[in-house]
Amino acid sequence: MSGLGRTRSVGLRGVTGFLVDVEAHVAAGLPAFVISGLGDSAVAQSPDRIKAAASAVGIHVAQRRVTVNLSPAGLRKIGTGFDLATFVAVGAALGVIPGRVVEEVLHLGELGLDGSVRSVPGVLPAVHAAALAGVRHVVVPVDNAAEARLVSGVKVHPVARVAELVARYQALDRGRPVREVAVPAVEPACSDGAVLDLRDVLGQTEAKLALEIAAAGGHHLLLAGPPGAGKTMLAERLPGLLPGLDDAEAMEVTAIHSVLGALGSDARLIRRPPFVAPHHGASMAAVIGGGSGHVRPGAITQAHRGVLFLDETPEFSKSVLQALRTPIERGVVTIARARESVTFPSRFQLVLAANPCPCGNGWGKGLDCTCTPLARRNYFAKISGPLLDRVDLQVHVQAPGLALAAQPVGEPSEVVAARVRQARAVQHERWAAVLEAEPAVNSAVPGSVLRRPPWRLPASDARSLDRGLEHGTISLRGYDRTLRTAWTIADLTGLQRPGRDAVDMALSLRTQMAVAA
């Protein structure tokens, strides 16, 4: 007796899914269970799980010769999510499950030895890829049902045990009504926590202004100053100033968290820009992405559409800091391995924070500083010139004064966020026709656009900037980035285009650390 069964599943490359046809052939012969199609070790171990789960529902495959192919065979398949599809294909080949019913149905899930169907990461991007490919019915574990239902255009069928699934398919084949596992519906609302309010930060008027400019134009920011000055407090409040994510952006960000297994059973779309702050001891793989065997997204991908905050930046590995340069420019990061190359999205706003020296006391007159001049110079030099050149705003955060408690309370985040939204609306209207790729914000505008009519500034307004380029105090990249910042300042102040004051302010905010040094 031999038979052929087919169904569908999804594989992932990074955070992008691709459809996989699962074919199973069962024949008489020496007992064997072989899976082909370039699967990883988890796929290679699935026959043992499938045989045990099948035995739990009275399907015996141990004495058969089973051959399973995961097509396209040239693309690597990773993870335990193919267990359920393989089980269904084998069941169809044995005639236990009606083959005509399952051929166009997508199956995702890991099998337990007792026949239970367990959750797997990456269900959201997998179901989204299936929907784009025209699949209309997906079977997922109960714990992944809410996540799968975030994708429109597909009917999600949650399953807790393979026995239930077999019974459903057999009932469908006989034309009987099917009773599915009841799972509470979850509205695709926001899953964000509380917003930290900017009014909690006392004083620091200039640093708050820099934070608002960074939020309005999507600029990168460096906050340098003594311990306790409020650098971390300021950075943590940047996401509260940024506009919320639209539907497409929310799907991107939520898909990344799905791949990382960070969504719970009540998964909802992430509508607020994420804030990611890796420890300064984090490895290259943890920050940039990678790992042995299975390539996973790093902190820069987790911060996609949000904020990446590197506290104590000089304490990070220099190689990690250097590796940030390409993702900052391109908005993606490609992890190359011998057998595959995976690209992850990484369009984030970078916020760096640094003390003036290793002991942290090298500010003001530095009377309490115990560091040698060489140690102080080498400490801040770990933030390389090419990386700093990509940071538009470089602000010195002053130490709190004695009269800090007497200073008036600043504006709340919602007031500043309203100005940011208004400034971004102006930018979107201005650059939507100019920029082919999103986002339409000032920080994404090519310098070549700003240096030619009709956007080129008069020589009288750009005099200080031209002088800095002529004297070598700023690079051409710095020139373009200062122009972008000047446009953001103009947008926040309601000007049609930046004048000399906006250009001078943008230049001073960029070169402040050089002056302080």
Side-chain angles (χ1 to χ4, degrees), residues 192-216 218-242 272-282 286-287 298-300 302-317 320-321 324 328 348-364 368-369 376 379-380 382-383 387-388 390-401 404-405 407 409-414 416-417 420 509 512-513 516:
D192 311 313
V195 177
L196 298 177
D197 203 326
L198 192 60
R199 67 171 20 177
D200 297 336
V201 182
L202 298 179
Q204 304 298 359
T205 304
E206 188 175 43
K208 288 180 180 178
L209 174 61
L211 201 69
E212 181 177 346
I213 295 171
H219 304 285
H220 305 304
L221 172 66
L222 166 65
L223 300 170
K231 302 186 295 294
T232 301
M233 286 186 69
L234 287 163
E236 290 175 340
R237 281 148 182 81
L238 179 55
L241 306 183
L242 298 174
R272 184 168 298 146
F275 179 84
V276 180
H279 187 265
H280 56 73
V287 177
I300 63 173
Q302 297 174 47
H304 180 60
R305 304 289 182 187
V307 177
L308 177 68
F309 176 49
L310 302 186
D311 199 6
E312 306 291 347
T313 304
E315 298 292 347
F316 279 81
S317 166
V320 170
L321 295 178
L324 293 173
I328 285 175
F348 56 87
Q349 261 187 270
L350 180 64
V351 179
L352 308 176
N355 291 329
C357 65
C359 76
N361 296 319
W363 55 278
D368 296 326
C369 180
R376 293 180 63 177
Y379 181 74
F380 212 88
K382 288 186 68 176
I383 310 176
L387 177 59
L388 276 178
R390 290 166 167 82
V391 179
D392 302 343
L393 305 168
Q394 303 173 21
V395 181
H396 183 73
V397 183
Q398 299 294 332
L404 181 66
Q407 294 187 14
V409 177
E411 293 179 307
S413 289
E414 59 184 11
V416 180
V420 169
L509 288 172
Q512 194 175 108
M513 292 311 303

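- Using cut-offs of 30° and 60° for the angle between ring planes, the His220 and Phe348 rings count as tilted.
- Residue Val201 comes nearest to Arg237 through the heavy atom pair CG2-CD, 3.8 Å, listed as atom of the first residue, atom of the second, then distance.
- Here the shortest heavy-atom pairing between Pro226 and Val397 reads CD-O, 3.4 Å.
- Closest of all the heavy-atom pairs between Pro227 and Gly360 is CD-O, 3.0 Å.
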- I would like to know whether His280 and Asp311 meet side chain to side chain contact (heavy atoms under 4.5 Å, CB included); could you show each step before the answer? CA-CA 7 Å; His280 56 73; Asp311 199 6; over 6 Å; no
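- For His219, the side chain to side chain donor-acceptor pair (under 3.5 Å) partners are Asp392, Thr488, not counting sequence neighbours.
- Legend: residues meeting salt bridge (Lys or Arg N to Asp or Glu O under 4.0 Å) with Glu411, ordered by chain and number and at least two apart, are Arg419.
- Separating the CG atom in Leu238 from the CG atom in Leu308 is a distance of 11.5 Å, to the nearest 0.5 Å.
- Residues that satisfy the salt bridge (Lys or Arg N to Asp or Glu O under 4.0 Å) test with Asp197, not counting sequence neighbours, are absent from this structure.
- When every heavy atom of Leu321 is checked against every heavy atom of Leu387, the shortest pair comes out as O-CD2, 3.9 Å.
- To the nearest 0.5 Å, atoms CG (Leu223) and CD (Gln394) are separated by 10.5 Å.
- A donor-acceptor pair under 3.5 Å is absent between the side-chain atoms of Gln398 and the main chain of Ala229, judged by distance alone.
- Atoms CD and OH, on Glu315 and Tyr379 in that order, are 4.5 Å from each other to the nearest 0.5 Å.
- The two atoms that bring Val320 and Ala282 nearest to each other are CG2-O, 4.2 Å, heavy atoms only.
- Remark: side-chain polar atoms of Gln349 are paired, donor with acceptor, to backbone N or O of Ala214 under 3.5 angstrom.
- Leu393 contributes atom CG, which lies 10.5 Å from atom CD of Glu206 (distance to the nearest 0.5 angstrom).
- Sorted by first and then second residue, the salt bridge (charged side-chain N to carboxylate O under 4.0 Å, His left out) pairs with a member in residues 222-234 form an empty list; sequence neighbours excluded.
- The CG atom of Leu234 sits 11.5 Å away from the CG atom of Leu196 when rounded to the nearest 0.5 Å.
- Taking Leu209 as the reference, Ile213, Met505 meet the side chain to side chain contact (heavy atoms under 4.5 Å, CB included) condition, with sequence neighbours excluded.
- Pairing each heavy atom of Phe275 with each of Ala235, the nearest pair is CE1-O, 3.3 Å.
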- Message: Please determine whether side chain to side chain contact (heavy atoms under 4.5 Å, CB included) holds for the pair Leu222 and Thr313, giving the CA-CA distance in whole Å, both sets of side-chain angles, and the decisive distance to 0.1 Å.
- Response: CA-CA 10 Å; Leu222 166 65; Thr313 304; 5.6 Å; no
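- The salt bridge (Lys or Arg N to Asp or Glu O under 4.0 Å) search around Glu236 returns none, not counting sequence neighbours.
- In this structure, CG in Leu221 is found 8.0 Å from CG in Leu352, a value given to the nearest 0.5 Å.
- Using modelled atom types, one side-chain atom of Ser413 and one backbone atom of Leu198 make a donor-acceptor pair closer than 3.5 Å.
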